[in-house]
Amino acid sequence: MTQKFEKSSRKTKDSIFNDLAWSRSDALNRMLAELFEIASHGDENRRAQVARPEAEPRTSFGEDARQASQRSRISGVYVISVAARLAEMHPQTLRKYDKEGLVRPQRSEGSRRLYSDSDVERLRVIRRLADDLGLNLNGVSLVLDLVRSLTDIVSLLESSPEVSDTRAARVAADELRQILSYVGAD
DNA sequence: CTTCTCACA
DNA sequence: TGTGAGTA
């Protein structure tokens, strides 16, 4: 994602996206980490139980590594032609998205792209954002980043009783879930 | 990879 | 007529 923005050489518009990408990957992630510290403050026993999205490597939509491995155990792996059919897209489009860093499938020994179910799900979200909502690919990248951040925030709001017991937290979590479902990332 | 079409402003 | 997205 960030890589995509760095690679771009366009001046005005892409420099804005560069700043946004930097803001997300650095400042926002720090803020989320601090929020999780606050959420788990003062209770060492509970601290260990609080979910920490930034602590685990992530896949498409806020899945942690454990969920992803559970999913991959039961879900199929598709070559590009099958994945394209499932996502109702042209295989060339998938190659382009891979090059742009929008969807990064696993690779086989022969360097063939292997798409998981979550990859296909992500492709469907992209199709909705691009085709239905008319976003360009930079906009899609931005929204997918925001979705990931909002997903982290929702899990924060639901993770710690100190936070989730407040009315404000419940209202905020409901609001964010509505936004995520509108984007199609629920 | 490059090249082409197509939509759009 | 230049640019972005998708396609050949």
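Every value quoted in this text rests on a predicted model; they were computed, and no experiment measured them. Each chain gets a letter, A, B and so on, in the order the sequences are listed, and its residues count up from 1.
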Send over the distance from A/Leu133 CG to C/dA5 C1', rounded to a whole Å. 16 Å
Strictly below 4.0 Å, N to O, side chains only: are A/Arg177 and A/Glu158 in salt-bridge contact? yes
Here the salt bridge (Lys or Arg N to Asp or Glu O under 4.0 Å) pairs for residues 133-143 of chain A, sequence neighbours left out, are none
Can you list the stems that include DNA chain B, where a stem is three or more consecutive Watson-Crick or G-U pairs with distances under 3.5 Å? B:4-9 with C:1-6
Whole-Å distance between B/dC6 C1' and A/Gln92 CD? 16 Å
Under 3.5 Å, side chain of A/Thr93 to main-chain N/O of A/Met89, donor-acceptor pair present? no
So, is A/Tyr97 near the phosphate of C/dA5, with a side-chain N or O under 4.0 Å from OP1 or OP2? no
One should read off an interatomic distance between A/Asp131 CG and A/Glu88 CD, to the nearest 0.5 angstrom, of 10.0 Å
Mind calculating the distance between NZ (A/Lys99) and P (C/dA5) to the nearest angstrom? 11 Å
Mind calculating the distance between NZ (A/Lys96) and P (B/dC4) to the nearest angstrom? 15 Å
Round to a whole Å and report the spacing from CG of A/Asn136 to P of B/dC6. 22 Å
Salt bridge (charged side-chain N to carboxylate O under 4.0 Å, His left out) for A/Arg95 and A/Asp98? Distances and angles first, verdict last. CA-CA 5 Å; A/Arg95 292 187 235 272; A/Asp98 188 10; over 6 Å; no
Provide, to the nearest angstrom, the distance between the CZ atom belonging to A/Arg127 and the P atom belonging to C/dG6. 12 Å
If the cut-off is 4.0 Å, is A/His90 near the phosphate of C/dA5, judged by side-chain N/O to OP1 or OP2? no
A/Glu100 has an atom CD; how far is it from atom P of C/dA5, in whole Å? 7 Å
Would A/Arg113 pass as a cation-pi partner of A/Tyr78, given that its NZ or CZ must be under 6.0 Å from the six-membered ring centre and within 45 degrees of the axis? no
Between atom CG in A/Asp131 and atom P in B/dA7, what is the gap in whole Å? 14 Å
